[in-house]
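Right, one structure below, let's go through it.
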Amino acid sequence: MFLLWPTRIGRLAPQFLGSAGLLVLWMGALATPAVAQTSEEPAVTIGMTNTLSFTKDTVRVEVGETVRWENSSVIVHTVTADSEEATMEESMRLPEGAAPFHSGNLAPDETFEYTFETPGRYRYFCVPHEAAMRATVIVEPAGKG
């Protein structure tokens with residue numbers, strides 16, 4: 001972003017923004033992102049559908065790998081492995097020592113990523129569609145996959 005004062009916008013900007021607003025605009029143009037963006041792709045991507053299912057029933061990853069869920073439907077979904085969110089015992093399961101996770105509501109086109117640090121079998125579900133929408137991630141020790 002460049003502020004070219006000889007332009008019409010440049011001449012009008014002080015009237016609308018004031019000098020403090022211009023300083024913020026100028027500093028924003030020079031600022032670098034506060035968080036580095038990674039280009040690393042997840043090990044697996046799983047979709048969430050209009051037919052109340054995950055696109056993959058079971059996936060295998062290694063410890064330290066990330067799974068991405070993409071809500072490609074028009075329905076709100078979640079990715080949940082948390083007993084506090086479950087109404088049916090068979091909906092979720094975590095390996096011993098694994099932390100629960102819950103994406104919160106994912107609107108259409110939103111994504112959720114989770115990096116698995118504990119080997120074992122993770123059974124997860126979608127909160128609003130718990131009876132039908134369940135799947136599994138099997139996490140192998142690193143180098144075993």
Side-chain angles (χ1 to χ4, degrees), residues 1-4 7 9-10 12-14 16-145:
M1 169 193 235
F2 294 98
L3 294 176
L4 302 175
T7 67
I9 294 171
L12 295 175
F16 294 107
L17 297 175
S19 53
L22 286 175
L23 178 60
V24 168
L25 272 176
W26 182 72
M27 293 301 290
L30 298 177
T32 58
V35 177
Q37 299 294 317
T38 61
S39 60
E40 188 174 320
E41 287 295 312
V44 177
T45 299
I46 300 169
M48 294 173 268
T49 72
N50 290 325
T51 58
L52 307 184
S53 64
F54 293 100
T55 57
K56 297 173 184 166
D57 288 334
T58 303
V59 297
R60 290 181 183 273
V61 297
E62 291 186 355
V63 167
E65 290 186 318
T66 300
V67 174
R68 176 185 294 154
W69 287 267
E70 295 179 345
N71 186 358
S72 55
S73 76
V74 297
I75 304 167
V76 170
H77 291 297
T78 73
V79 177
T80 307
D82 185 341
S83 61
E84 291 186 16
E85 299 291 333
T87 60
M88 295 181 280
E89 188 175 324
E90 64 272 14
S91 295
M92 60 91 34
R93 177 176 152 190
L94 294 172
E96 189 173 328
F101 59 87
H102 176 52
S103 65
N105 288 338
L106 296 174
D109 297 322
E110 288 187 325
T111 63
F112 172 71
E113 292 186 351
Y114 187 79
T115 301
F116 291 87
E117 300 296 341
T118 303
R121 182 179 293 266
Y122 294 73
R123 179 87 165 147
Y124 66 93
F125 64 100
C126 171
V127 171
H129 312 113
E130 183 176 354
M133 200 167 172
R134 300 182 213 154
T136 303
V137 175
I138 299 170
V139 181
E140 303 280 350
K144 298 280 184 179

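Atom set for the values below is all heavy atoms of this structure, side chains included, hydrogens, waters and symmetry mates excluded.
Between Thr55 and Gly47 the shortest heavy-atom distance is OG1-N, 2.7 Å. Closest approach of Pro95 to Pro119, counting heavy atoms only: CB-O, 3.4 Å.
The side-chain heavy atoms of Val139 and Thr118, taken from C-beta on, include no pair separated by under 4.5 Å. With a 4.5 Å cut-off on side-chain heavy atoms, Thr115 and Glu65 do not count as touching. Looking at heavy atoms from C-beta onward, Pro100 lies out of side-chain contact with Glu84 at the 4.5 angstrom threshold. In this structure the side chain of Tyr122 never reaches within 4.5 angstrom of the side chain of Arg93, judged on heavy atoms. Residues Pro42 and Val67 fail the side-chain proximity criterion, which asks for heavy atoms closer than 4.5 Å. The shortest side-chain heavy-atom distance between Arg121 and Thr136 falls under the 4.5 Å cut-off. Here the side chains of Val61 and Thr66 are not in contact, with every heavy-atom distance at 4.5 Å or above.
Interatomic distance, CG of Leu52 versus CD1 of Ile75, reported as 5.0 Å (0.5 Å rounding). One distance of note links CG of Asn71 with CZ of Phe112; it measures 13.0 Å at 0.5 Å rounding. Rounding to the nearest 0.5 angstrom, the gap separating the OG1 atom in Thr58 from the CZ atom in Arg60 is 8.0 Å. Note that the OG atom of Ser73 and the CG atom of Asp109 stand 9.0 Å from one another [nearest 0.5 Å]. How far OG1 of Thr111 is from CZ of Arg68: 6.0 Å, rounded to the nearest 0.5 Å. Atoms CZ and CG, from Phe101 and Asp82 in turn, are 9.5 Å apart once rounded to the nearest 0.5 Å.
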Going through the distances and angles, do Tyr114 and Val79 end up as a side chain to side chain contact (heavy atoms under 4.5 Å, CB included)?
-> CA-CA 10 Å; Tyr114 187 79; Val79 177; over 6 Å; no
Leu106 and Val76: side chain to side chain contact (heavy atoms under 4.5 Å, CB included), yes or no, with the steps?
-> CA-CA 6 Å; Leu106 296 174; Val76 170; 5.8 Å; no
Would you please test Ser83 and Met92 for side chain to side chain contact (heavy atoms under 4.5 Å, CB included) and show each step?
-> CA-CA 7 Å; Ser83 61; Met92 60 91 34; 3.8 Å; yes
Candidate pair Trp69 and Thr78, rule side chain to side chain contact (heavy atoms under 4.5 Å, CB included), full reasoning = CA-CA 9 Å; Trp69 287 267; Thr78 73; over 6 Å; no
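Donor-acceptor pairing under 3.5 Å is recorded for the side chains of Ser91 and Glu130.
Screening Glu85, Met88, Met133, Glu90 against Phe125 for a side chain to side chain contact (heavy atoms under 4.5 Å, CB included) leaves a single residue, Glu85.
Under the 3.5 Å distance criterion, the side-chain polar atoms of Glu62 are left unmatched by any main-chain donor or acceptor of Pro141. Judged purely by atom type and a 3.5 angstrom limit, Lys56 has no side-chain atom pairing as donor or acceptor with the backbone of Val44. Proximity of a side-chain donor or acceptor of His77 to a complementary backbone N or O of Thr49 within less than 3.5 Å is detected.
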